[in-house]
> 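Before I ask anything, here is the structure I am working with.
Protein chains get the first letters and strands the later ones, always in sequence-line order, with residue 1 at the start of each. Bear in mind that the values here come from a model prediction, so they are computed numbers and not experimental data.
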Amino acid sequence: MSIIRAKELVHEYIRRDEEGNVEGIQVALDHVNLNVEPGQFISILGHNGSGKSTFAKHINALLTPSEGTLFVDGMNTSDDEFTFAVRQTAGMVFQNPDNQIISSVVDEDVAFGPENIGVPTEEIIKRVEKSLKMVGMYKYKSHSPNKLSGGQKQRVAIAGVMAMEPKCIILDEPTAMLDPDGRKDVLQAVHTLNKEKGITVILITHYMEEVVDSDYVFVMEKGKVFMEGKPREIFKDVDLLKAHSLDVPQVTLLAHELRKAGLPLPECVLTRKELVEALKEIKNSLPAKPQASGNYSSEDKPSKAKKDNVLILDHVSYKYSPDTAYEVKALDDVSLAIKEGEFIGIIGHTGSGKSTLVQQLNGLIKATDGSIYYRGQDIYDKDYDIKELRTQVGMVFQYPEHQLFETTVFKDVQFGPKNQGLDEKEQIKRAYEALGLVGLPEEFYLASPFELSGGQKRRAAIAGVIAMKPAVLILDEPTAGLDPKGRDDILGLISDMHNKRGDTVILVSHSMEDVANYVDRIIVMDGGKPVFDGTPKQVFAHYKELEAMGLAAPQVTYVMNDLKQEGFAVEVDATTVEEAKNDILKALC
Amino acid sequence: MLREITLGQYYPAESVLHSLDPRVKLFSTLVFIITLFSANNIILFAFVVITLFGIIKLSHVPFSFMVKGLRSIIVLLLIAGIFNLFLTPGRTLFSIGALSISDVGLKNAALMTSRMVLLIIGTSIMTLTTTPNQLTDGLEKSLGFMKRFKVPVHEISMMMSIALRFIPILIEETDKIMKAQMARGADFETGGLIKKAKNMVPLLVPLFVSAFRRANDLSFAMEARCYNGGDGRTKMRPLKYSSLDQRAYICIVAYIIVFYVAKGLL
């Protein structure tokens, strides 16, 4: 018997005005039919707004169908009598780790579910211990959740669900707000539950790499299931996925491109190993070809005409809560020079000091040691105008949409120029320009910022900083929490602005693949220090060390290194799919 | 800047006080407050103070840590002290211009400020040695009898524990939004009172929006885990009295008897 069976499931969000009249109906789920067998690992893919989260809330009876039916383990979710039984059978983990932990101590939080359903005390203690051990968080049982990383919090949330002994667990974008390390840990925990405990898993995500290992995949769009099948069947149709702006794992994409270029590769390649094996076979079947003289130098762009330094950090250190027991050295003797017009990526895992570093650059936090120079002037000088510096060095924080506050988008964007003391006319001009640059449609200018969609809000927030016309623009994780399309849009936008206006741009990220395609220089932070600093190619050459730091080089870097080891005459420094494709073709033909 | 508030924070340590049942601590704090305000002469007052210092010693919380907590209310203390000092009628001791200090005023001011300081130190011992969760559990259980009068005791204690969980998160968020607005040229420091209040809008609006969003998420998360009010709930750590708690109660009763006998005699 199926554990989850949706029949013609429809959900409509009805918006009402103040008198309670229906203002509009939004169809979030449109006749969804779907079956899940016990013990399966299911993934549901789709953009933001495709209806996948609405569907998840149905499985947990947090929402009930407008039309059609949904059965969870044989229970109809529309029937109030079963509500609690359904929630016990199908537990749910949400996206934001902070907003689903109820208690201030880890083990008490895990106990929350069993307490609610009236499990006896001794049994609760046993279940809490077991669940925490399952996700590898037992040693943190007396910690405060506030002291844990995002990945650890998510694992606590999973333990909280497991303590209710469900048959099925639904995870609604559990990794969207995590760094690569956290993502890996959470996914591993979920896979273990599925394999060892036979728990049915429904993983909702927009990361394609997370889908590869599942038994079955549903792709949703506009409230409908528009593709379903085994991962291999889904990823076969790369062009269709791309047409719907869904991401494809880099390896699959590379294989697809090579196939298009005429190599006889199998139809769908999911893993690195498969690709390398397939390419090896092709190579062996080809007549031996004289080795090209293997040492053509990597063709780095000749460094542009020497430019002036715009920002210089001279032996900068920073400590949180200095001289107390909680002292943390966030930056450790950092010296850096940033040149006019550079496009820099700063990469590091959470806690590596990357965010602290960029907040030094506009004087938001003051270094405990060392000095910082902007265009040759010491920003810590007594008579230095720090407010002026903040307009010169613009800073877009992580989740910048959380800072929107005005009644209209336009007014919000005007806020920066207004603080700069510009006259009304100039403020308006700046706001227009900035909103135009971020590509927000004009119909939204006078809307409340809280009515926009996630991606639009972010654009509006970025415009709020650009409107100040900073010479240096810093963006802290500008793509966090966006779906692949939103991510590509924002990165494209930043890159465009850089090309058009020639500003200095600093992009802080923990995603190598994001950064590799756009920047000229990468600075890798670890333990409060820059450990690598160079072009993407130079930095990714250290892919093994990067991995040890909890950072991953782009997948293609790994492929190229594997191929090189197998005796292919390829360069190992490809960082994008395009480069890798050309390199492989050159080596083979 | 917001992280420096130490008033009422839990201080992890191992001591007799830390391992007491929260109900004992709640009761003893109440007894302490009543005796502090009914101590009407210097000997009784000294008795209360000495007992308090004995308890501080037992708590294993550094005294300096408690004093640090007082810093945030120093203005309040000064105002209370000054008002009592200058505005109490009585025999004038000396005067500066229109202001005069009377003997009663001096006595009242001294008594008032020292009582307030002791009150805060006394109650902070409770919060310093009790985790927020124990505290809310203790309150829920001690006030359980009020359920009969339709007071939603469970709901109130649940709200308290959720508030305690989210205070640090919202403090961090405030810090972040503040920095983000400062990066857009906002000014939270200069200007008069009205201008300052107006400047808080870019901070407060996003903060409220975020708090509501979190509340919405949290309510879903609680429902998903079968939360359905206090009925039929069990506890992982139900409150149970130990022999230590019994001894503590005996000490408290002894303290009350000594205090009131002494008060009757003096």
> Which region of B:L218, side chain (C-beta onward) or backbone (N, CA, C, O), has a non-hydrogen atom less than 4.5 Å from a non-hydrogen atom of chain A, or is it both or neither?
both
> Taking side chain as C-beta onward, heavy atoms only, is A:E115 less than 4.5 Å from B:Y227?
no
> Minimum heavy-atom separation for A:I124 and B:M236, please, with both atom names.
CG2-CB, 3.7 Å
> Of all the heavy-atom pairs spanning B:A221 and A:N99, show the shortest one and how long it is.
CB-O, 4.0 Å
> Select one option (side chain, backbone, both, neither) describing which atoms of B:F166 are under 4.5 Å from chain A's heavy atoms.
side chain
> For B:C226 and A:M164, which heavy atoms make the closest approach, and how far apart are they?
SG-CE, 3.5 Å
> Under a 4.5 Å cutoff for heavy-atom pairs, which residue among A:I117, A:V393, A:L389, A:D107 has the most contacts with chain B?
A:D107
> With a 4.0 Å cut-off on N to O distance, would you call A:R390 and B:D187 a salt bridge?
no
> Which atoms of A:N60 are under 4.5 Å from chain B, going by heavy atoms: the side chain, the backbone, both sets, or neither?
side chain
> Would you say NZ of B:K179 has more than 12 non-hydrogen atoms from neighbouring residues, nucleotides or ligands within 6.0 angstrom?
yes
> Which atoms of A:Q420 come close to chain B, meaning under 4.5 Å heavy atom to heavy atom: side chain ones, backbone ones, both, or neither?
neither
> Pick one of side chain, backbone, both or neither for A:F450, based on which atoms fall under 4.5 Å of a heavy atom in chain B.
side chain
> Between A:T121, A:I125, A:V465, who has the most heavy-atom pairs with chain B when the cutoff is under 4.5 Å?
A:T121
> If every non-hydrogen atom of A:F397 is compared with every non-hydrogen atom of B:A183, which pair is closest and at what distance?
CE1-CB, 4.1 Å
> Cation-pi between A:K57 and B:F220: NZ/CZ under 6.0 Å from ring centre and within 45° of the ring axis?
yes
> Do you know which of A:V128, A:D109, A:N362 has the most heavy-atom pairs under 4.5 Å to chain B?
A:D109
> Any idea which heavy atoms bring B:P206 and A:L404 closest together, and the distance?
CG-O, 3.7 Å
> Is A:Q359 in contact with chain B via its backbone, its side chain, both, or neither, using a 4.5 Å heavy-atom distance?
side chain
> Which bit of A:P114 comes within less than 4.5 Å of chain B, counting heavy atoms only: side chain, backbone, both or neither?
backbone
> Please give me the minimum heavy-atom distance between B:R225 and A:G160, naming the atom from each residue.
NH2-CA, 3.9 Å
> Are the side chains of B:I169 and A:N146 in touch, meaning some heavy atoms are under 4.5 Å apart?
yes
> Answer with side chain, backbone, both or neither: which region of A:F84 has an atom nearer than 4.5 Å to a non-hydrogen atom of chain B?
both
> Looking at A:P417, A:G118, A:G416, which makes the most heavy-atom pairs under 4.5 Å with chain B?
A:G118
> Quick one: which of A:P145, A:S103, A:S144 gives a side chain to side chain contact (heavy atoms under 4.5 Å, CB included) with B:R165?
A:P145
> Please determine, among A:M395, A:Q95, A:Q403, A:E401, the option with the most heavy-atom pairs under 4.5 Å with chain B.
A:Q403
> Atom CD of B:E223 and atom CG of A:L62: how far apart are they, to the nearest 0.5 Å?
6.0 Å
